Structures are given as structure tokens and as C-alpha cells.
Number of protein chains: 2
Amino acid sequence: MNAEKRRRLEKAGWKLGSTKEFLGMTDEEEAVIDLKLALARAVREERSKRKLTQSQLGRLLGSSQSRMAKMEAGDPSVSIDLLVRSLLRMGASRRDLIRWLARPGRKAA
Amino acid sequence: MNAEKRRRLEKAGWKLGSTKEFLGMTDEEEAVIDLKLALARAVREERSKRKLTQSQLGRLLGSSQSRMAKMEAGDPSVSIDLLVRSLLRMGASRRDLIRWLARPGRKAA
DNA sequence: GGAGAATATGTCAGACTTGACATCTACGCA
DNA sequence: TGCGTAGATGTCAAGTCTGACATATTCTCC
């Protein structure tokens, strides 16, 4: 993990605190974040494919535009549960989920 | 979905209510439950492989024996996040997660 | 360069999840 | 039978997540 990646994550709203705390981020935390980002990308792509706005998708899923934005940004306030449920409600299959998880996350520059 | 499966799920603590409500369970809900059960099985198998008791694993993960039991039972009070985090903390890789998700759930008898 | 649509960000009350504890059941063994 | 260990189940205060709303920013045409 490096500075570039740190910037990406902080930009996405993860409160990583001091460098010390940052270095203390466990592998598990990092893996969870990456996993969420993969699902977040999937939500955005599925929405695009359907040519829906965030507002429309929010209505469709019984939620709001702002939460769609947070989901797609991988905001820390969004759980894996919510991401998975949303994808499934958009009609994705378990197979699709697995495909998205298998797709490697963007490497830091 | 059939009566056998329903019995399995209710046994596991899912409050499915009347048949009407049960039939109203959406595909998304069912998919989420199956997914959780797959992860739950994975937790139990990983723990067995390490020859740990639920108490030991609980201590290891900073949690309790009772939560380990609930996790392994796929209890409704357990989130996908918790299951995933637990597996990762046990040293599982993203690849492992995917393998477990890809493994088909037990079919109703 | 301004209007309107789409998306992003901040906040919060209410809902849900968590670790912890107490208690209960099931099994093995002497 | 009684005891010790492992696992299951119920409950709850404290913590986290959710949908909703308000507001801000970015994008896209003209």
C-alpha cells in the first residue's frame, strides 16, 4: 500500500487518520474496502447499462439518490449487505456477483 | 422454493411468517439468505480445519462464542459484512471468498 | 456563461447489528 | 449419574447503517 492508494481512499471518505494509524490498517480492513469498491463499480456499471439516473435507481430500490451516490462511491457508511442486496435487486445473479468480485481492483498508479 | 427449504430456513431462525408472506419473499431476499448460508458454512469449515472451538475463535476475532454460533448458523442478526470480515481475519483471501460463494448451496431434499 | 439535469456531500432520527452475558441443551466419559 | 466441555439461544445497551432531506458541485447543452 502506498501514498497514491491512500489518497484514493481518503478521497473516497475513509477516515484513515495519521500515518501511524494508516499503517495500522489491517489487511482485513484493506481487503474489505477493495471488495466494497469492486461492488460499487458493479452498481455503477449496471445502472449505466440500464441507462438510469441515480434518482431513478433510488426509486426503483426503495431508496434515495444520495444513497445511490454513496453506494457508487464506496462510502464507508455503505455496507456490503446493501451493495449486494442492491445488485441482486437489479436482477444480478449470484454468478454475476462472483464475476464482479473476481475482477481485480484498479491498481494504484 | 418448497416446504422443505422453508423448514430449513425457519429452523435457522428466519421469521418467514405466514405462507402468504413466505411466498412474497423476493428472489433477492432468498439469494441473500443463500449467500449468507454459504459464508456461514465457510466459517465453520475454516474453524474446524484449524481445530478451534467457537470460544477460541471468538476471542481470536475479538468477539464472543455466542456470536460465532450465530454466524455459523446464518442467523438473521448476522450481516454479510461480519461474515466476510471474519473470514478475511481468519486469513482467507479474496480468492477463497469467491470459491466459497461459487460453491452451490445444499439443495432442498 | 447560464439554466437545468445529474451527481456529490453533510446531517440526522430511526432501524438494525454487535459484543457480551446468562442460560440452556447435547455429548463424552468415568 | 454427575461433571466438564462445546455449542445453541435469548436478551440488551451501545454502536453502526439506512433512507431521507437539504444543499453543493459538476456536467451538458444552448
Side-chain angles (χ1 to χ4, degrees), chain A residues 7-16 28-29 32-33 35-37 39-90, chain B residues 7-17 26 28-29 32-33 35-37 39-90:
Chain A
R7 227 173 307 131
R8 269 203 302 123
L9 294 177
E10 286 185 335
K11 183 154 177 302
W14 296 90
K15 297 186 291 298
L16 297 174
E28 170 248 338
E29 285 171 307
V32 168
I33 292 176
L35 194 144
K36 281 169 72 165
L37 291 177
L39 295 173
R41 266 198 303 282
V43 168
R44 177 159 310 208
E45 285 171 20
E46 280 300 294
R47 178 172 66 82
S48 293
K49 192 155 44 170
R50 282 149 222 256
K51 304 224 186 302
L52 296 172
T53 66
Q54 290 182 345
S55 301
Q56 290 169 322
L57 182 60
R59 223 170 303 125
L60 192 67
L61 300 184
S63 183
S64 59
Q65 179 269 324
S66 58
R67 194 136 289 273
M68 295 307 110
K70 280 165 211 205
M71 267 205 258
E72 295 183 0
D75 187 280
S77 83
V78 173
S79 69
I80 297 176
D81 289 68
L82 184 62
L83 288 161
V84 166
R85 274 175 216 277
S86 299
L87 286 165
L88 291 173
R89 274 213 259 180
M90 282 197 249
Chain B
R7 228 173 306 131
R8 267 203 304 124
L9 293 176
E10 287 185 334
K11 183 155 176 301
W14 296 91
K15 298 185 289 298
L16 297 173
T26 65
E28 172 248 337
E29 285 171 307
V32 169
I33 292 175
L35 195 143
K36 280 168 72 165
L37 291 178
L39 295 173
R41 265 197 304 281
V43 169
R44 177 157 309 205
E45 286 172 19
E46 280 300 295
R47 178 173 67 83
S48 293
K49 192 155 43 168
R50 283 149 223 256
K51 305 222 187 302
L52 295 172
T53 65
Q54 289 181 346
S55 300
Q56 290 171 321
L57 183 60
R59 223 170 303 126
L60 191 67
L61 299 183
S63 184
S64 59
Q65 179 268 325
S66 58
R67 195 136 290 274
M68 295 308 108
K70 281 167 211 208
M71 269 204 258
E72 294 183 359
D75 187 280
S77 83
V78 173
S79 69
I80 296 176
D81 289 67
L82 184 63
L83 288 162
V84 167
R85 274 175 215 278
S86 297
L87 286 166
L88 291 173
R89 274 211 259 181
M90 281 197 251

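Protein chains get the first letters and strands the later ones, always in sequence-line order, with residue 1 at the start of each. Given the structure is predicted, the values throughout are model-derived calculations rather than measurements. Heavy-atom basis, side chains included; hydrogens, waters and symmetry copies ignored.
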Rounded to the nearest 0.5 Å, how far apart are CE of Met71(B) and OG of Ser86(B)?
3.5 Å
Output the distance between atom CD (Glu28(B)) and atom CE (Met90(A)), rounded to the nearest 0.5 Å.
11.0 Å
Have a look at the helix from dG1(C)-dC30(D) to dA30(C)-dT1(D) and give the angle its two end axes make, five pairs each, rounded to 10 degrees.
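About 50°, once rounded to a multiple of 10°.
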How would you list, by chain and number, every residue that makes a side-chain hydrogen bond (donor to acceptor under 3.5 Å, both in side chains) with [X], sequence neighbours excluded?
X	answer
Gln65(A)	Gln54(A)
Ser64(B)	Ser66(B)
Arg85(A)	none
Lys51(B)	none

Give a yes/no answer on whether the side chain of [X] brings an N or O atom under 4.0 Å of OP1 or OP2 in [N].
X	N	answer
Ser63(A)	dG19(D)	yes
Ser64(B)	dT18(C)	no
Ser79(B)	dT18(C)	yes
Arg44(B)	dA6(D)	no
Arg47(B)	dG7(D)	yes

Where along residues 50-59 of chain B does a heavy atom fall under 4.0 Å from DNA chain C?
none
So Lys49(A) and Glu46(A), side-chain contact (heavy atoms from CB on, under 4.5 Å) or not? Walk me through it.
CA-CA 5 Å; Lys49(A) 192 155 44 170; Glu46(A) 280 300 294; 3.1 Å; yes
Rounded distance (Å) that lies between atom [atom2] of [N] and atom [atom1] of [X]:
X	N	atom1	atom2	value
Glu72(A)	dA8(C)	CD	C1'	11 Å
Gln65(B)	dG19(C)	CD	C1'	12 Å
Met68(B)	dC21(C)	CE	C1'	15 Å
Ile80(A)	dT18(D)	CD1	P	11 Å
Met71(A)	dC17(D)	CE	P	14 Å
Leu61(A)	dT18(D)	CG	P	13 Å
Asp75(A)	dA8(C)	CG	P	11 Å

Using a 4.0 Å heavy-atom cut-off, write out nucleotides 24-30 of chain D from 5' to 3' as B (base contacted by protein), S (sugar-phosphate only) or - (no contact).
-------
Any residue meeting salt bridge (charged side-chain N to carboxylate O under 4.0 Å, His left out) with Arg67(B), in chain and number order, not counting sequence neighbours:
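With neighbours one apart ignored, the set is empty.
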Using the test salt bridge (charged side-chain N to carboxylate O under 4.0 Å, His left out), find all partners of Arg59(B) that sit at least two apart in sequence or belong to another chain.
none
Could you list the residues that satisfy side-chain contact (heavy atoms from CB on, under 4.5 Å) with Leu52(B), not counting sequence neighbours?
Arg47(B), Arg50(B), Gln56(B), Leu57(B), Leu60(B)
With a 4.5 Å heavy-atom cut-off, do Arg41(A) and Arg44(A) have their side chains touching?
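Arg41(A) does not reach Arg44(A) side chain to side chain.
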Provide the closest heavy-atom pair for Gly74(B) versus Ala40(B) in the form atom of the first, atom of the second, distance.
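Looks like N-CB, 3.9 Å.
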Between N or O atoms, less than 3.5 Å apart, protein on one side and nucleotides 10-14 of chain C on the other: list the pairs.
from, atom 1, to, atom 2, distance (Å)
dG10(C), N7, Lys70(A), NZ, 3.1
dG10(C), O6, Lys70(A), NZ, 3.2
dT11(C), O4, Lys70(A), NZ, 2.8

Under 3.5 Å: donor-acceptor pair, side chain of Lys36(A), backbone of Leu83(A):
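No; judged by distance alone, with no hydrogens or angles, the pair does not exist.
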Candidates Leu87(B), Leu82(B), Val78(B) - the one meeting side chain to side chain contact (heavy atoms under 4.5 Å, CB included) with Leu39(B):
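Of the listed residues Leu87(B), Leu82(B), Val78(B), the side chain to side chain contact (heavy atoms under 4.5 Å, CB included) partner of Leu39(B) is Leu87(B).
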